[in-house]
Amino acid sequence: MEAAAAKLISRDRITDAAATLFSTNFVKQIPERFIRTDELQAAGAVVSDGEAFELPVVDMAKLMDPESSASETAKLGSACRDWGFFQLTSHGVDEAVIQRMKESAAEFFSLPLESKNAIAFQGGGDKFQGFGHHFSGGSSAGKLDWAECVLLVTQPVQGRKTELWPANPPSFRGTLHKYSMEMTGLARRLLRFMAIDLGVSQEALLDAFFSGDAEKGQSMGMHHYPPCRHPEKVLGIPPHTDGLGLTVLLHADDTPGLQIKRGGRWFPVRPLPGAFVVNVGDILNVLTNGAYASVEHRVVPDAERGRTTVVVFQDASVDGMVKPFPELLGGDEAQARYNSIGKLEFTEGHFRALGEGTRFLESLKK
Ligand SMILES: O=C(O)CCC(=O)C(=O)O
Ligand SMILES: [Fe+2]
């Protein structure tokens, strides 16, 4: 869940009891606050292991190569339209930086609770950054996720609260800075090809994500899902869509857990080694007038192995608004499938709806 979310909601601190639960994995009985069997049963079936399906794979090197660019761009476009998700290979992000980010995340979560709580969520108001449990709303209200996470603003640089960036491991802050810059570069590269696919100018799409507006930026979520002997009873993250523009997820290990909802069923992502998982957020869905889909997803813990991920969210807006690109409407406002709304109002609405278990995007539909 993106960091901006928590502006309107408080989050829970991780208690000693939860930390013990997370570190042992020999729990005989899972405490009631984590049990969500009903919610899980109501949410739809998971496709079986044997069922063949393929989450689209997009190759950045092929996007960049004039020989293959057109066909790979079409693949990128259909992934964003049909799945709202794809795995990205040959992405060009510095492998050493990725490796250090993975290690830093894993090292942070392996620290004793006391050290992690040095940057605990303060709760309430805009003090949303730091370490703790996710907020769970809607049908999850009052329940706790089988996960611990860190949320931080990473861009613009002047918007960072570096005192909340882990000081342990000591290399963490430098690594996150480099990783954040790499992610900006990656988003820029990808957006150029999305613009070609959409038929909007590259400048307009890049401006929507990166022009000087102070409200735009980048945030990150670092998640640790401890193993759980009863994965059918708990959730790592309840179903949600991402409320910003574009999300890029890095697996720090090869444990699966992310599931995508499609046609009423949950499709487990089988992470490809070395690939990022990229998905369309609600704002990009509106900017593209519904052409690109922001799709519901969730995380279930693994029975045997822990899972650590690092997620980067890239924010977007057009002239302070969340609205379909005028270029896509051919000068005819009647073609807009969503009502325009101010960026701040959108963010507030998104988190209010998340808390209520509804989807704000639906209320913007014409
Ligand atoms: O950790 C994951 O696989 C997904 C995390 C996620 O959906 C989020 O942070 O919004
Ligand atoms: Fe998400």
Side-chain angles (χ1 to χ4, degrees), residues 1-6 9 11 22 43 46 55 83-88 101-102 105-106 108-109 121 128-138 140 145-154 179 183 218-228 231 234-262 266-272 275-285 292-302 305-315 347 350-351 353-355 357 359-361:
M1 311 230 170
E2 56 280 15
I9 53 186
R11 294 174 190 266
F22 288 169
V46 180
L55 181 64
W83 280 86
F85 270 84
F86 57 91
Q87 303 210 54
L88 182 67
M101 189 71 251
K102 288 181 178 180
F108 173 80
F109 286 119
F121 291 131
F128 62 91
Q129 297 181 65
F131 169 76
H133 273 299
H134 265 158
F135 166 80
S136 288
S140 290
D145 294 343
W146 195 268
E148 44 183 358
C149 87
V150 176
L151 297 174
L152 296 169
V153 167
T154 44
Y179 189 71
M183 288 298 104
Q218 183 198 66
S219 47
M220 68 91 75
M222 203 166 69
H223 304 282
H224 174 233
Y225 310 94
C228 180
V234 303
L235 274 168
I237 294 189
H240 67 280
T241 55
D242 295 342
L244 300 182
L246 193 68
T247 307
V248 178
L249 177 137
L250 170 70
H251 284 88
D253 45 54
D254 58 3
T255 310
L258 177 62
Q259 300 182 342
I260 303 169
K261 196 155 198 193
R262 204 173 142 81
W266 295 97
F267 287 74
V269 174
R270 300 158 185 157
L272 290 174
F276 287 108
V277 176
V278 180
N279 70 286
V280 173
D282 286 351
I283 293 180
L284 187 55
N285 181 317
Y292 284 8
S294 171
V295 172
E296 220 182 347
H297 52 283
R298 68 178 187 184
V299 175
V300 291
D302 189 80
R305 293 179 296 160
R307 176 169 181 264
T308 299
T309 58
V310 180
V311 191
V312 169
F313 305 100
Q314 215 63 63
D315 203 0
T347 304
H350 173 74
F351 292 116
L354 204 62
R359 203 175 162 201
F360 188 61
L361 205 64

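Counting starts at 1 for both ligands and their atoms, following the listed order.
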Report task. Would you kindly say whether Asp282 and Thr241 are connected by a side-chain donor-acceptor distance under 3.5 Å? Result -> yes

Query raised in the report: His223 heavy atoms, cut-off 4.0 Å: which ligand 1 atoms fall inside?
Result: 1 (O), 5 (C), 8 (C), 9 (O)

Report summary line: Checking heavy atoms under 4.0 Å, the part of Thr247 that sits near ligand 1 is neither

Requested in this report: Take every heavy atom of His251, measure it against each atom of ligand 1, and state whether any distance is under 4.0 Å.
Outcome: no

Query raised in the report: Phe131 and Phe108: aromatic ring centres closer than 6.0 Å?
Result: yes

**Report entry** Val269 versus Val277, closest heavy-atom pair with distance
**Finding:** CG1-CG2, 4.1 Å

Report task. Looking at Asp242, pick out the N, O or S atom nearest to the Fe ion (ligand 2) and give its name. Result -> OD1

**Report entry** Closest to atom 2 (C) of ligand 1 (judged by heavy-atom distance), picking from Thr241, Val311, Leu249
**Finding:** Leu249

Report summary line: Here the atoms of ligand 1 under 4.0 Å from any heavy atom belonging to Arg307 are 1 (O), 2 (C), 3 (O)

**Report entry** Under 4.0 Å to a heavy atom of Tyr225 - the qualifying atoms of ligand 1, by number
**Finding:** 1 (O), 2 (C), 4 (C), 5 (C)

Report summary line: Taken in chain and number order and not counting sequence neighbours, the residues that satisfy side-chain hydrogen bond (donor to acceptor under 3.5 Å, both in side chains) with Tyr179 are none

Report task. Can you sort out the partners of Thr247 under side-chain hydrogen bond (donor to acceptor under 3.5 Å, both in side chains), two or more places apart, ordered by chain and number? Result -> Asp242

Report task. For Lys261 and Phe267, indicate whether the former's side chain and the latter's backbone hold a donor-acceptor pair under 3.5 Å. Result -> no

Query raised in the report: With atoms numbered from 1 as shown, which atoms in ligand 1 lie under 4.0 angstrom from a non-hydrogen atom of Thr309?
Result: 1 (O), 2 (C)

Query raised in the report: Between Asp253 and Lys102, is there a salt bridge with N-O shorter than 4.0 Å?
Result: no

Query raised in the report: Near Phe313, which atoms of ligand 1 are under 4.0 Å from a heavy atom of that residue?
Result: 8 (C), 9 (O), 10 (O)

Report summary line: In ligand 1, the atoms that come under 4.0 Å of a heavy atom of His297 are 7 (O)

Query raised in the report: For ligand 1, is Arg298 a contact, meaning one of its heavy atoms is under 4.0 Å away?
Result: no

Query raised in the report: Will you find, in the side chains of Arg307 and His251, an N or O donor that is under 3.5 Å from an N or O acceptor?
Result: yes

**Report entry** Stepwise side-chain contact (heavy atoms from CB on, under 4.5 Å) check, Val295 with Trp83
**Finding:** CA-CA 7 Å; Val295 172; Trp83 280 86; over 6 Å; no

Report task. Using heavy-atom distances, let me know which of Val310, Ile237, Thr255 sits nearest atom 5 (C) of ligand 1. Result -> Ile237

Report task. Any atoms of ligand 1 less than 4.0 Å from a non-hydrogen atom of Asp242? List them with their elements. Result -> 10 (O)

